[in-house]
Engineer: 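Sharing a structure with you now.
Hydrogens, waters and symmetry mates play no part in the numbers below; they use all other heavy atoms, side chains included. As the structure lists them, so they are numbered: ligands from 1, and atoms in each ligand from 1.
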Amino acid sequence: EVSITKFPADERKIIAKAHDKYKKARAGIINTRHGQIHTPAFMPVGTKGTVKAMLPESVQTTGADIILGNTYHLMLQPGAKRVFKLGGLHKFMNWSKPLLTDSGGFQVMSLSKLRKITEEGVIFNSHIDGSKFMLSPESSTEIQYLLGSTITMAFDECTPYPSTYEQAKSSMELTSRWAKRSRKAFYSRDGYGQFGIIQGSIYNDLRLKSALDLIELDFEGYAIGGLAVGEGQELMFKVLDYAPDLLPINKPRYLMGVGKPADIIGAVQRGIDMFDCVIPTRSGRNGQAFTKYGVVNIRNSKYKEDNTPLEEDCLCPACKNYTKAYLHYLVKVKEILGAMLMTWHNLMYFQKLMLRIREYIAQGKDFDFIS
Ligand SMILES: O=c1nc[nH]c2cc3[nH]c(NCCN4CCCCC4)nc3cc12
Ligand SMILES: [Zn+2]
């Protein structure tokens, strides 16, 4: 359960504000140097400078305005300096729209062997060849500059779940010190932005302190970190019942790593504008298709002679030109085309979901049942 800490009266109204469904949902446009982002937005994940199994022009046809790249992977291979020398990540991967890069801390903790967290930053051994690297607020910010990111993420520490109050407090305070250094290292230019990431785990007073520390640094947007790390949807929503309200209402709010359609809908209702998640791409490659009928596990033998499309009214190539039987076969025999078609369909499904959410918000309609 979320521990409720007594607030001085004037701050309590922020936390206790009645959770009025839909009232917090908002649709908008973020203007950047590389084009507009219609929010609520879903960012396909392109970890190593490619959205796996997709051409960038195909990603564009799904309606994605922005994709995510990972600093950790790109700094190890091919290296940020090399990407910079080759003209930056946009040119390298032939994606001219906005790019957001995660700052690397989260990936270091989940991927690298042997690492050491110090006040300076994180020292780690590459999971590729074991060579030694350091990521700090300064080096992460510089790497994202060399990549040419449209939106740079501050270097933070993602507080694990569960954490005690003390653990969450010291982790949040480290993130606040690192945010200050990240902000100082950021080379601000028109049309580019840097987002701070708030921590504080499930403790509302720590979330408030994190927000206050980061608002002082006047970031162009704010992410809510430390969620989708095993706490479960109910607890995530409990934090989201108040955390977005702690952030400036006129700036983008990004919920990192989320999520399934139902998670996205619930988070939009609580005031979130931006999302990223590997689910549509990773589960597509594993044979799971998101459809209006629910998730279809195409490897199931019941589809081996099913001559109908995943969704009869979907405009993606998988649905327009192929059958479930063919997709079943391709995925079973691990043909590359299977990964391509399943990924394309899922990205289309997620973008259609975001489009419908934006339309419902614009019309002031409730959008509970969409998914
Ligand atoms: O606190 C964070 N700071 C920087 N980056 C993050 C990335 C995150 N990604 C997630 N969750 C990803 C969950 N995802 C679900 C599908 C399978 C793979 C993992 N939480 C995050 C928190 C953070
Ligand atoms: Zn489709």
Engineer: Would you check if the distance from the ring center of F275 to the ring center of F350 is below 6.0 Å?
Structural biologist: no
Engineer: Working to the nearest 0.5 angstrom, can you tell me the gap between S96 OG and Q60 CD?
Structural biologist: 5.5 Å
Engineer: Give the atom name of whichever N/O/S atom in H345 sits closest to the Zn ion (ligand 2).
Structural biologist: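 The atom in question is ND1.
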Engineer: Does even one non-hydrogen atom of D276 get within less than 4.0 Å of ligand 1?
Structural biologist: no
Engineer: Would you say R282 has any N or O atom under 3.5 Å from an N or O of ligand 1, going by distance alone?
Structural biologist: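 It does not: no N or O of R282 is found under 3.5 Å from an N or O of ligand 1.
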Engineer: Between D65 and Q36, do the side chains contain a donor N or O and an acceptor N or O under 3.5 Å apart?
Structural biologist: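 There is no such pair between these side chains.
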Engineer: I'd like to know whether the aromatic ring centres of F290 and H345 sit less than 6.0 Å apart in this structure.
Structural biologist: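 Centroid separation for F290 and H345: 6.0 Å or greater.
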Engineer: Once you restrict to heavy atoms under 4.0 Å, what part of V278 touches ligand 1? Side chain, backbone, both or neither.
Structural biologist: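 For V278, the contact with ligand 1 is made by the side chain alone.
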Engineer: Please identify which atoms of ligand 1 are closer than 4.0 Å to at least one heavy atom of D156.
Structural biologist: 1 (O), 2 (C), 3 (N), 4 (C)
Engineer: Backbone or side chain, does any N or O of C277 fall under 3.5 Å from an N or O of ligand 1?
Structural biologist: no
Engineer: What atoms in ligand 1 come closer than 4.0 Å to a heavy atom of I279?
Structural biologist: 16 (C)
Engineer: Less than 4.0 Å from atom 19 (C) of ligand 1, is there any heavy atom belonging to the protein?
Structural biologist: no
Engineer: To the nearest 0.5 Å, how far apart are CG in L310 and CD in E312?
Structural biologist: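 Going from the CG atom of L310 to the CD atom of E312 covers 10.0 Å.
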Engineer: To the nearest 0.5 Å, what is the distance between CG on D306 and NZ on K324?
Structural biologist: 4.0 Å
Engineer: Please list, in number order, the atoms of ligand 1 under 4.0 Å from a heavy atom of C158.
Structural biologist: 1 (O), 2 (C), 22 (C)
Engineer: Does only the side chain of D102 get under 4.0 Å from ligand 1, or the backbone, or both, or neither? Count heavy atoms.
Structural biologist: side chain
Engineer: Which pair of heavy atoms, one from F219 and one from Y222, lies closest together, and at what distance?
Structural biologist: N-OH, 3.1 Å
Engineer: Closest non-hydrogen protein atom to atom 7 (C) of ligand 1, residue and atom name please, with distance?
Structural biologist: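 The closest heavy atom on the protein side is F106 CG, 3.5 Å.
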Engineer: Over all heavy atoms of both residues, which pair between S210 and Q199 is shortest? Give the atoms and the distance, please.
Structural biologist: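 Looking at all heavy atoms of both residues, the shortest contact is OG-N, 3.1 Å.
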Engineer: To 10°, measure the SG(C316)-the Zn ion (ligand 2)-SG(C314) angle for me.
Structural biologist: 110°
Engineer: By number and element, which atoms of ligand 1 are closer than 4.0 Å to a non-hydrogen atom of G226?
Structural biologist: 1 (O), 2 (C), 22 (C)
Engineer: With a 4.0 Å cut-off on heavy atoms, does Q199 reach ligand 1?
Structural biologist: yes
Engineer: Using a 4.0 Å cutoff against the non-hydrogen atoms of G225, which atoms of ligand 1 qualify?
Structural biologist: 1 (O), 2 (C)
Engineer: Taking only Lys NZ, Arg NE, NH1 and NH2, and the carboxylate oxygens of Asp or Glu, determine whether D213 and K209 approach each other closer than 4.0 Å.
Structural biologist: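 Yes, charged N to carboxylate O under 4.0 Å.
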Engineer: Counting each atom of ligand 1 from 1 as listed, which ones have a heavy atom of A228 under 4.0 Å away?
Structural biologist: 10 (C), 11 (N), 12 (C), 13 (C), 20 (N)
Engineer: As an exercise, state the distance from NZ of K260 to CG of L353, rounded to the nearest 0.5 Å.
Structural biologist: 13.5 Å
Engineer: Find out whether the Lys NZ or Arg CZ of R181 is both under 6.0 angstrom from the six-membered ring centre of F155 and within 45° of the ring's axis.
Structural biologist: no
Engineer: Return the option from S171, G257, A154 holding the heavy atom at the smallest distance from atom 15 (C) of ligand 1.
Structural biologist: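 Looking at heavy atoms only, G257 sits closest to atom 15 (C) of ligand 1.
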